[in-house]
Amino acid sequence: MAKKVLVVEDNELNLKLFCDLLRAHEYAAEPVRDGREAVERARDFMPDLIVMDIQLPHVSGFELIGQLKADPALQAIPIMAVTAYAGREDEERIRAVGADAYVSKPISLLRFVDAVAGLVQKSPDPADEAAQG
Ligand code: MN
C-alpha cells in the first residue's frame, strides 16, 4: 500500500507542486490548505509523514508541530518542516519544537524526495508490527 503523506501548505502553487511530486513517487498525498485543520486531518488520515509549511496564516507551523508532537496518537509521525527561512536560529527552533527534518524553500526537488523517502522509512509499518505478533 502506498505510504501516506499529509501536506500542510497555504500556498496553492507549492501545495500542488508537493502533492504532484509525491504522487509521481507513488505516495498518497493529502493536501491541507488551512493549518487550523491540520491536527484533525492528521487524526483522520493517519499519515506516515507530515510535510509542514512554517509560514501559515492563523497558526504557525511551529505551533502545529508542537501540537502534533504533544498528541499521543500523532507524536510518532515524522514531520518535515518546509520553510523559506534559512537561518541557523530558525533551523534550531524547527528542531527544538520537534520536527524530524527541514527543507528550505525554494526546494530542491531531489532533496525534497530524498528527505521524504528517508523519513517514511523510519516510520513504523503496521504490516511489520502485525507480522511480529
Ligand atoms: Mn506559507
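Everything numeric here is computed off the predicted structure, so don't read it as measured data. When a ligand or atom number is given, it counts from 1 through the structure's own listing order.
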Worksheet item: So do the side chains of Val51 and Val82 get within less than 4.5 Å of each other, counting heavy atoms only?
Response: yes

Please set out all donor-acceptor pairs under 3.5 angstrom arising from side-chain atoms of residues 63-79, sequence neighbours excluded.
from  : atom 1 : to     : atom 2 : distance (Å)
Lys69 : NZ     : Gln75  : O      : 3.1
Lys69 : NZ     : Ile77  : O      : 3.0
Lys69 : NZ     : Asp100 : OD1    : 3.3
Asp71 : OD1    : Ala73  : N      : 2.9
Asp71 : OD2    : Arg43  : NE     : 3.4
Asp71 : OD2    : Arg43  : NH2    : 2.6
Gln75 : NE2    : Lys69  : O      : 3.0

Fill in: Under-2.8 Å protein N/O/S neighbours of the Mn ion (ligand 1), ordered by chain then residue number
Asp10 OD1, Asp53 OD2, Gln55 O

Practice prompt. Check whether any side-chain heavy atom of Val113 sits under 4.5 Å from a side-chain heavy atom of Val116, and report yes or no.
Written response: no

Worksheet item: Ile54 versus Tyr102: any side-chain heavy-atom pair under 4.5 Å?
Response: no

Under 3.5 Å, side-chain donor or acceptor atoms of residues 20-29 against the rest of the protein: list the pairs with distances, not counting sequence neighbours.
from  : atom 1 : to    : atom 2 : distance (Å)
Asp20 : OD2    : Lys16 : NZ     : 2.7
Arg23 : NH2    : Ala29 : O      : 2.9
His25 : ND1    : Leu21 : O      : 2.9

Fill in: Counterpart residues, salt bridge (Lys or Arg N to Asp or Glu O under 4.0 Å), relative to Asp10 (two or more places apart)
none

